[in-house]
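One structure below.
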Amino acid sequence: MELTKYLPLTETTYYILLSLLEPAHGYIMMQKVEQLSNQKVKIAAGTMYGAIENLLKQQLIQAVESTDKRRKTYVITEKGKDVLQLDCERMKHIVNVTEKLLSPIGGIEDV
Amino acid sequence: MYRLKFFIDFEKEEQWLNQMAKNGYHLQSTSFGYHFQRGKAENAIIKIDFRKFKKKEDFIDYCTLFEDSGWKHLAGTKNSGIQYFQKVDSSYEDDIFSDAYSKASRYKRYANTFFELAISFIPLLIVFYLTDIIDPKALINPKELYLTPGLWAKTGTSFWFSFLFETPFALMRGIAWSFIPVTIILYLFFGYKSNKLYLQNRE
């Protein structure tokens with residue numbers, strides 16, 4: 001299965017996937033994303049609903065049984081975890097190469 | 001109070017509803033037009049989403065997500081498509097969308113609904129054509145639409161009386177079916193307008 005077609009994830013999608021490492025419903029996900037991103041990423045209800053729908057379609061998350069009749073609960077799938085891992089590797093490389101080139105010690109003149 | 005109005009542009013509809021609330025008219029329901037209840041003037045923030053739901057649980061889950069995050073579901077049903085929300089908790093942001101793409105996507109879903117409606121009328125058009133209710137020949141020779149025996153042989157007052165008497169019926173026979181193509185064209189036009197708003201707003 002070609003997972004690279006999902007990359008790069010948007011910041012919103014990335015945090016949503018991270019927020020579902022444990023099962024949660026939409027509102028918990030909104031709060032978790034806000035917390036994980038140091039209040040930088042705030043997802044509104046309409047956007048969150050659409051994002052959940054897309055991620056379900058892409059099978060990166062799945063619905064799980066819940067005791068709450070009014071709120072659906074979701075969790076990340078194995079495929080979702082793989083995509084998250086791949087995107088993390090991609091960003092790590094970007095961070096490494098950027099630090100190497102921009103930092104004062106191993107600076108530009110050394111390269 | 002009742003108002004009959006129709007919008008394609010949700011932003012304009014939102015502004016109108018906010019203005020109505022400012023004048024003391026609060027949206028109650030939206031079955032074929034808008035029903036308002038007179039009350040106190042209010043600086044309301046009303047936002048619109050467009051979604052239809054297959055299952056009742058999906059609709060409840062959707063409304064609950066909005067309620068959890070400070071938006072009261074004002075009007076709209078499982079199948080109505082247009083969903084109205086009013087902000088009730090000032091500690092949240094002022095919009096139900098946090099990015100341009102998801103905000104524009106509601107126009108895409110709106111447009112698709114119009115296109116589906118347009119397509120759903122096509123079988124009716126075919127059936128009407130096959131059963132000769134739609135008769136293109138009548139457009140070339142409208143005389144065929146008059147069924148009074150010997151009408152065209154009559155003269156003077158007798159002719160004009162019979163002719164004018166039957167004309168409304170002839171028109172009904174001849175052009176009543178045209179509401180179908182007119183409806184299809186109207187739906188296609190609304191779909192086109194809505195899709196244009198989608199393309200403009202998605203960045």
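Quick note: numbers below take in every heavy atom, side chains included, and nothing from hydrogens, waters or symmetry partners. In the text below, chain A, chain B and the rest are named by the order of the sequence lines, each starting its count at 1.
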Check: Does the Thr64(B) side chain pair with the main chain of Arg71(A), one donor and one acceptor, at a distance under 3.5 Å?
Finding: no
Checklist line | Tyr101(B) versus chain A, the contacting section by heavy-atom distance below 4.5 Å | finding: neither
Margin query: Testing Ser102(B), Ser98(B), Ser69(B) one by one against Ile43(A) for a side chain to side chain contact (heavy atoms under 4.5 Å, CB included), which residue passes?
Written below: Ser98(B)
Item checked: Residues forming a side-chain contact (heavy atoms from CB on, under 4.5 Å) with Asn141(B), sequence neighbours excluded -> Lys143(B), Glu144(B)
Note to self: Given heavy-atom pairs under 4.5 angstrom as the criterion, report whether the side chain, backbone, both or neither of Arg106(B) touches chain A.
What the structure shows: neither
Check: Looking at side-chain heavy atoms only, is the closest gap between Lys72(A) and Asp58(B) below 4.5 Å?
Finding: yes
Notebook entry, point to check: Roughly how far apart are Glu67(B) CD and Arg70(A) CZ, rounded to 0.5 Å?
Noted result: 5.5 Å
Check: Just wondering, are more than 12 heavy atoms of other shown residues or ligands nearer than 6.0 Å to CZ in Arg3(B)?
Finding: no
Next item on the list: Answer with side chain, backbone, both or neither: which region of Glu34(A) has an atom nearer than 4.5 Å to a non-hydrogen atom of chain B?
Entry: neither
Next item on the list: Please flag which part of Asp68(B) lies under 4.5 Å from any non-hydrogen atom of chain A: side chain, backbone, both or neither.
Entry: both
Next item on the list: Taking atom NZ of Lys22(B) as the centre, report whether more than 12 heavy atoms of other residues, nucleotides or ligands fall under 6.0 Å from it.
Entry: no
Note to self: Within the supplied structure, the quantity of interest is the number of heavy atoms (other residues, nucleotides, ligands) at a distance under 6.0 Å from Phe169(B) CZ; does it exceed 12?
What the structure shows: no
Item checked: Counterpart residues, salt bridge (charged side-chain N to carboxylate O under 4.0 Å, His left out), relative to Glu93(B) (two or more places apart) -> Lys42(A)
